[in-house]
Amino acid sequence: MTTLEIGPPAGVTSPRAAASPVRLVAARDLALRLLRSAVLVWVPVVLLATFITFALGALTDTNPAAQVLGETATPADITRMNHYFGLDRPFLVQYFSWLGHALTGDLGRSYYTTLPVTDSITRTLPVNISITVLTVLIAILLGGALGIGAALSGGGWFDRGVTLLCSAASTVPPFVIGIVLIVLFSVTLPILPSGGYVPIDQDFGQWLRFSILPAVALAVEAAVAIARQLRTSLVGEFRENYVVGADVRGLTRRRVVFGHALRNAAGPAVTVLAYYIPQVIGAMVVAEAVFNLPGLGKLSLDAASKGDIPVIQGVLVTMIGLVVLSNLVVNAALLRFTPHARSRQS
Amino acid sequence: MSEQTLTPTGANAPADPALAARTAPGGPTTSDPTMGRGGGPVRRALRLRSARISLGILAVVVFFGIAGGALAPHDPLAQDTTNILAGPSGAHWLGTDYLGRDVLSRLMDATGRSVVGALEAIAVAFVLGVPAGLASVFFGRFFDWVASRIVDAVMTLPYIVFAISVTGIIGNGMEQAMVAIGIILAPLLFRVTRAAALTLTRAQYVEVAELLGASRWWIVRRHIWSKVLPTVAVTTAHLAAAVLLSVSSLTFLGIGVKPPAPTWGGMLSSDLGFLSQQPWAPLIPALAIALCAGALNAIADAIRDTTGAAAVPTPGRRRFARRVTRVGSAEPAAAVGAGVGAAPAVTVPAQEEGSHA
């Protein structure tokens with residue numbers, strides 16, 4: 001682990017290494033471990049979370065049918081609608097039937113429009129996924145640059161500035177950063193749109209123009225957390241013998257940092273990132289309202305204001321799915337990139 | 001203000017020779033002058049200037065929270081259509097909004113609504129998380145296992161979306177939203193409490209107490225709780241700051257409040273439509289939020305720095321309590337009366353307490 005492999009930087013595997021049998025076994029173990037954790041942790045998570053939301057719906061004494069149909073509805077209309085949506089069945093039967101359908105990708109139909117919930121979600125999901133990915137990229141780049149810079153300046157003005165930025169960022173909600181960005185880049189200096197959206201598959205350049213402000217606003221919190229963590233662990237790595245050894249042998253500072261120290265220091269930072277991705281997915285709801293994006297949050301808010309329970313539940317399940325997926329990806333990345341984590345696990 | 005107020009008292013000190021024996025030889029070496037002095041975690045933290053300033057800010061916030069609506073110079077809902085989107089002036093110190101309503105009055109009136117919500121959520125999280133965290137350590141493996149699974153589950157829920165869903169299903173109101181957020185945050189307090197308590201289960205004095213026949217409940221109450229308290233206090237303060245931000249996010253979205261009633265988040269939301277006329281307007285409620293959250297964070301940091309309580313176990317950072325904090329020190333009321341002189345109760349407080357008892 002501390003041998004001097006003057007290979008490619010972290011994350012890039014050469015084809016030679018991938019072919020070795022040891023690596024193959026490791027890859028198989030990794031896949032199995034991820035699968036096991038997925039089943040053990042995430043299946044109960046999804047069951048519990050959906051059950052909670054379902055139980056909440058059952059606990060309320062309001063009758064969705066009466067609410068949807070309005071005051072002019074006859075009792076016969078209400079009974080018919082209850083039957084159509086299966087609301088006349090016992091609670092547990094409703095839950096398991098919904099769960100069974102959800103597993104096949106059918107999240108029911110909206111009470112109001114009777115459109116399939118799955119369709120509305122698949123229409124809006126690309127907005128969330130594309131902006132979340134952009135946010136994560138920005139968080140990694142910004143956090144990495146700030147963290148490495150702070151560690152290298154070790155107590156200098158840059159270091160102190162980053163520390164100050166970190167504590168300031170934790171006192172402001174992300175959407176306020178969004179508003180500040182709008183004021184800076186749309187009002188004072190009108191170079192970017194203050195809101196709206198163009199799908200990524202339609203025009204990438206336009207998509208970037210509309211997405212960059214929300215993504216930066218969402219990324220700041222995660223970026224400063226990553227920077228803080230990366231700085232701490234990099235400073236720790238700089239004291240290790242292998243860094244001193246590399247210095248002594250005359251390796252450039254850049255190679256020591258990017259080839260050796262960063263690889264070992266990245267682990268905790270990736271864990272921090274993993275913690276923040278669900279936060280980003282959640283905070284995106286508010287960013288959508290600020291930047292007027294047609295995403296899952298808007299869908300959820302609209303549905304919540306009307307009491308359209310199937311849509312609300314569908315969005316919640318999709319969000320949980322996104323969180324679970326991002327967690328698996330980060331875990332895989334963590335095990336893949338960091339020698340520490342790999343040796344600890346095996 | 002250093003020594004005179006904070007002397008330990010025998011009244012609350014437990015009979016705990018084991019602790020004394022453990023801490024006395026050598027004592028915890030404290031190089032930091034703020035550490036190791038007497039007083040409860042809060043009192044010790046108050047020696048820091050940052051904590052005193054923060055507490056001052058919070059006191060102002062509480063004051064406006066209680067009396068803000070009454071003190072406001074104008075009716076926060078009164079519209080003055082001849083005077084919309086005005087800048088600061090003698091009549092309207094912070095200007096007016098898009099309906100001509102006085103921004104300062106709205107800010108003051110919103111304080112209570114914005115803060116009470118956060119308090120509710122924290123209370124729910126505390127009641128659900130902390131006892132369960134203590135219990136998970138001392139009441140058997142099965143309870144521990146079940147609680148940890150539930151915690152894993154709840155922690156994956158994006159809490160703003162969950163709060164929106166809950167209000168969408170059972171009705172839009174601050175209580176519903178805050179209970180939802182409290183439920184989501186409870187796991188964090190559970191984890192912190194559990195981690196802090198776990199490090200104490202193997203302490204010698206706990207084993208001694210067990211051998212002497214103390215009940216689990218008694219041990220938790222007497223030996224564990226006061227040592228877990230600083231850690232829990234740090235986390236609770238940090239969480240309070242986070243919740244305040246969530247409350248403003250939710251009120252920004254219009255969750256939890258009926259429209260005309262002002263909230264900090266709601267003010268930001270209405271400012272958003274008029275950024276080209278009043279680009280500075282969002283700064284006012286944003287500053288209120290940031291000051292409040294910053295004060296809470298600073299207090300949390302002060303308690304952590306002065307008691308050596310473990311920080312919120314953020315992933316990747318493993319810090320354990322650097323020293324065992326003192327027992328029975330959380331009740332300063334008796335301490336003032338007892339006043340064992342100006343004896344600086346440094347470094348070996350536990351022994352002193354032991355002898356009192």
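By convention in this document, chain letters (A, B, ...) are assigned in the order of the sequence lines, proteins followed by strands, and residues within each chain are numbered from 1. Computation of the quantities below employed the complete heavy-atom set of this structure, encompassing side-chain atoms and omitting hydrogens, waters and symmetry-equivalent molecules.
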At what distance, to the nearest 0.5 angstrom, does CD1 of A:Ile179 lie from CG of B:Asp271?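 The CG atom of B:Asp271 is 7.5 Å from CD1 of A:Ile179, to the nearest 0.5 Å.
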What distance do A:Leu316 atom CG and B:Ser165 atom OG have between them, rounded to the nearest 0.5 Å?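 Here the rounded value is 4.5 Å.
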Tell me, for [X] versus chain A, whether the close heavy atoms (under 4.5 Å) come from the side chain, the backbone, both or neither.
X: B:Ile160; value: side chain
X: B:Ala241; value: neither
X: B:Pro279; value: both

Only heavy atoms, only distances under 4.5 angstrom. Which residues in residues 281-292 of chain A are near chain B?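 Within residues 281-292 of chain A, the residues under 4.5 Å from chain B are A:Gly282, A:Val285, A:Val286, A:Ala289, A:Val290.
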Using a cut-off of under 4.5 Å for heavy-atom pairs, which of A:Val180, A:Ile182, A:Leu301 has the most such pairs with chain B?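 Looking at each of A:Val180, A:Ile182, A:Leu301 in turn, A:Leu301 comes out on top.
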Considering only heavy atoms, give the residues of residues 246-255 of chain B separated from chain A by less than 4.5 Å, sorted numerically, with 'none' for an empty result.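 Residues of residues 246-255 of chain B touching chain A at under 4.5 Å: B:Ser248, B:Ser249, B:Phe252, B:Leu253, B:Ile255.
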Please give me the minimum heavy-atom distance between B:Leu268 and A:Phe175, naming the atom from each residue.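 Smallest interatomic distance, heavy atoms only, reads CD1-CE1, 3.4 Å.
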What are the two closest heavy atoms between B:Asn297 and A:Thr171, and how far apart are they?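 Between these two residues, the closest heavy atoms are ND2-CG2, 3.9 Å.
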Chain A: which of B:Asp301, B:Ile183, B:Ile289, B:Leu245 shares the most heavy-atom pairs with it under 4.5 Å?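 Result: the option with the highest number of such pairs is B:Leu245.
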Is there side-chain contact between B:Pro282 and A:Val176, with heavy atoms separated by less than 4.5 Å?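 Answer no - side chains too far apart.
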